[in-house]
Each structure stands twice: as structure tokens, then as C-alpha cells.
Amino acid sequence: MAKADKKKLIVVFDEFQEVERVAGQNSLKVIRAHIQLHTHVNYLFMASHPSMMRTIFSDENQAFYRFALFLPVPPIPLVAMAQYIKRKFAEQGIPISSEAVQMILDITGGHPQDTMLVWSEVYQAFIESGENVLGLEHILLGKDRAFAFLSQGFNEVIGSLDSVSKTLLLRIARGTTLYSKDNHPNTVKRMLGQLVNRGLIEKIERGKYEFVEPMLKGYLLL
């Protein structure tokens with residue numbers, strides 16, 4: 001197509017870390033074999049799990065090793081996200097307080113997808129109520145519905161982990177120490193690395209980790 005139109009194209013893959021799960025084992029090798037020969041196309045690989053993308057492009061055993069340049073995308077500022085939410089509700093003639101917006105951002109941690117999910121459920125709860133003022137009850141109902149929607153995926157993730165990894169996630173969620181006499185420090189370090197590679201947590205500083213998706217933390221604490 002690019003050659004026929006005498007144009008250069010850009011092809012965008014979203015959530016690229018899911019390719020092998022969706023397309024099957026060795027699909028990355030097949031894709032690489034084709035696109036490395038292309039001369040009229042550039043590729044943009046996007047994902048919501050940076051650690052998994054680093055594995056795909058930085059691990060010498062991976063088909064896409066050193067195939068692309070990393071262009072980190074900074075998180076959306078919470079102030080900008082709050083302004084966007086208030087503006088979208090105002091467009092529907094629904095006033096919403098700054099406190100209500102902050103309440104949801106505290107729950108989602110500003111995670112874009114989860115934030116939009118919660119607010120979609122809040123909006124639906126408000127419409128169904130037939131009331132004129134969006135109140136705390138709509139926010140709580142929207143939050144509960146969002147957790148119900150996410151629970152299946154969260155349960156699958158949690159169910160796929162071994163007991164040590166589950167314990168580590170709970171300790172991170174509760175803010176308690178990660179090391180104990182029950183597990184060797186090397187085991188803990190290895191399991192933390194695996195959780196990072198799976199895109200569940202990210203390392204903030206030495207000995208400190210945070211959830212990539214804050215609502216998973218909230219679900220673990222329910």
C-alpha cells in the first residue's frame with residue numbers, strides 16, 4: 001500500500017505486550033521477520049506496561065531485541081485529568097464538585113483507563129437515579145460497579161501467582177515490610193522482579209514498590 005501510494009506510513013500497535021497472548025507463541029518472530037524488510041513504513045509500539053515492553057525490546061532472547069527506540073510517555077497530570085472530567089460533565093449539564101473528582105482520582109491513582117471506567121459507571125448511576133444532583137451515593141455506586149467489572153481480571157491475575165508473590169503484593173498494598181524470616185531475601189528479590197516484569201508493580205526506589213494499577217491495590221485491600 002505504501003509503495004503503491006508513494007507515501008510513507010506509520011502503523012501503530014496498541015497494547016503490544018499482549019501480542020503473543022492474542023496471536024500465539026512465536027507471533028513476535030513472525031512479525032519481526034516481515035516488518036524488518038519494510039522500507040516505506042515506520043512502526044509505533046504502544047503499551048500500558050513499560051516493564052513488559054522493556055523485556056520485549058531489551059532481552060537479547062526476544063525477537064524484538066534492540067528493534068526500537070524507547071520514548072517514555074509521562075503520566076497525565078492529575079490536575080489536567082480533573083479539569084477534563086469536570087469539563088465533560090459540564091458539557092452534559094451536570095455540575096460536579098472538585099471534592100468528588102478528587103475522591104475518584106484517589107481511588108484510581110490517575111490510571112487513565114480505570115479513571116474513565118469509574119466515571120462512566122458514576123455517570124450511568126446518576127442517569128439511572130433520575131436525580132438532579134450528582135451525589136456521594138452515585139460515586140460510591142460507580143466505584144463498586146467498576147470494581148465488579150475489574151474483579152474477574154484481577155482474580156485471574158491473583159490466581160496465577162504463587163503464594164510468595166501473593167504475600168508480597170499484599171505487603172506492598174498494606175505498606176508493610178517486604179522481607180521476613182519465612183522467605184530467603186534472594187527469593188523475595190526474584191519474585192519482586194517477576195512482579196515487575198508482569199507489569200503489576202514498579203520500583204520507585206530501593207526497597208519501595210507501587211502498583212502500576214492502583215485499583216488492584218484497592219481490590220486487594222477490600
Side-chain angles (χ1 to χ4, degrees), residues 12-28 45-56 73 75-76 78 81 84-85 88-89 100-129 134 136-176 178 190-204 209-222:
V12 179
F13 285 90
D14 194 18
E15 299 297 352
F16 188 67
Q17 81 278 351
E18 300 290 343
V19 167
E20 287 197 323
R21 184 182 66 81
V22 174
Q25 190 176 7
N26 295 325
S27 54
L28 287 175
F45 307 98
M46 300 173 62
S48 56
H49 296 295
S51 59
M52 296 176 70
M53 289 291 276
R54 281 193 292 271
T55 298
I56 292 174
V73 179
I76 301 173
L78 294 182
M81 189 171 290
Y84 172 80
I85 293 168
K88 298 303 290 186
F89 272 81
V101 174
Q102 187 59 49
M103 184 184 301
I104 297 301
L105 292 180
D106 288 342
I107 294 170
T108 67
H111 187 282
Q113 186 177 20
D114 287 355
T115 300
M116 293 303 103
L117 170 64
V118 173
W119 278 113
S120 175
E121 295 295 346
V122 170
Y123 175 77
Q124 190 61 38
F126 171 72
I127 295 300
E128 292 173 357
S129 71
L134 192 151
L136 177 62
E137 66 274 15
H138 305 120
I139 294 175
L140 295 178
L141 180 56
K143 180 197 71 172
D144 290 344
R145 287 181 175 181
F147 270 122
F149 178 84
L150 294 169
S151 63
Q152 181 176 353
F154 286 163
N155 287 335
E156 289 178 359
V157 169
I158 296 169
S160 68
L161 300 174
D162 57 61
S163 60
V164 176
S165 296
K166 292 177 184 177
T167 299
L168 287 173
L169 282 183
L170 280 173
R171 288 177 177 170
I172 294 171
R174 294 168 178 167
T176 56
L178 301 179
R190 185 176 70 255
M191 293 304 179
L192 287 171
Q194 291 180 6
L195 291 172
V196 169
N197 290 335
R198 290 193 59 173
L200 298 178
I201 59 174
E202 56 186 348
K203 188 174 183 179
I204 305 303
Y209 296 81
E210 288 185 357
F211 283 79
V212 172
E213 188 172 2
M215 287 192 73
L216 174 57
K217 172 182 176 180
Y219 186 73
L220 288 169
L221 295 175
L222 287 176

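What you see below is based on every heavy atom in this structure, not just the backbone, and it leaves out hydrogens, waters and symmetry mates.
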With sequence neighbours excluded, residues passing side chain to side chain contact (heavy atoms under 4.5 Å, CB included) with Glu18: Glu15, Arg21, Val22
What are the two closest heavy atoms between Gly109 and Pro214, and how far apart are they? CA-CG, 3.8 Å
With heavy-atom distances below 4.5 Å as the criterion, would you say the side chains of Ile172 and Glu210 are in contact? no
With rounding to the nearest 0.5 angstrom, report the CG to OG distance, Leu200 to Ser160. 7.5 Å
Under the side chain to side chain contact (heavy atoms under 4.5 Å, CB included) test, which residues partner Asn26, sequence neighbours left out? Lys29
Under the criterion side chain to side chain contact (heavy atoms under 4.5 Å, CB included), I'd like the reasoning laid out for Ile158 against Leu220: C-alpha separation, chi angles, the key distance, then a yes or no. CA-CA 9 Å; Ile158 296 169; Leu220 288 169; 3.6 Å; yes
Between CE of Met81 and OG1 of Thr115, what distance do you get to the nearest 0.5 Å? 4.5 Å
Under 3.5 Å donor-acceptor, Ser120 side chain and Met116 backbone: no
Heavy-atom neighbours of Phe154 CZ exceed 12 at 6.0 Å: yes
I need the minimum non-hydrogen distance between Val19 and Ser27, along with the two atoms involved. CG1-OG, 3.4 Å
Please enumerate all residues that pass side chain to side chain contact (heavy atoms under 4.5 Å, CB included) together with Ser129, with sequence neighbours excluded. Phe126, Glu131, His138
Does any part of the side chain of Met191, heavy atoms only, come nearer than 4.5 Å to the side chain of Asp162, both counted from C-beta? yes
Ile139 side chain near Leu134 side chain, heavy-atom distance below 4.5 Å: yes
So does Phe149 have more than 12 non-hydrogen atoms from other groups sitting under 6.0 Å from CZ? no
When rounded to the nearest 0.5 angstrom, what is the spacing between CG in Leu78 and OG1 in Thr108? 8.0 Å
Could you pull out the closest heavy-atom pair between Ala146 and Val118, with the gap in Å? CB-CG2, 3.7 Å
Those residues that, when tested against Lys166, pass salt bridge (charged side-chain N to carboxylate O under 4.0 Å, His left out) (two or more places apart): none
Enumerate the residue pairs fulfilling salt bridge (charged side-chain N to carboxylate O under 4.0 Å, His left out) with a member in residues 144-156, sequence neighbours excluded, ordered by first and then second residue. Glu128-Arg145
Relative to each other, are the rings of Trp119 and Phe89 parallel, tilted or perpendicular (30° and 60° limits)? perpendicular
Nearest non-hydrogen partners of Pro112 and Ile76, listed with the distance: CG-CD1, 4.2 Å
Looking at Leu168, Ile204, Leu178, which hits side chain to side chain contact (heavy atoms under 4.5 Å, CB included) with Tyr209? Leu178
Taking side chain to side chain contact (heavy atoms under 4.5 Å, CB included) as the definition, give me every residue that meets it alongside Thr55, ordered by chain and number, with sequence neighbours left out. Asp59, Gln62, Asn197
Contact between Tyr219 and Asn155 at the side-chain level, heavy atoms closer than 4.5 Å - yes or no? yes
Verify the neighbour count for atom CD of Glu137: are there more than 12 heavy atoms of other residues, nucleotides or ligands below 6.0 Å? yes
Looking only at heavy atoms, what is the nearest atom pair of Ala47 and Gln17, with distance? CB-OE1, 2.7 Å
How close do Lys217 and Phe211 get, counting heavy atoms only, and between which atoms? CB-CD1, 3.6 Å
Does a side chain donor of either Arg198 or Ser165 reach within less than 3.5 Å of an acceptor in the other side chain? no
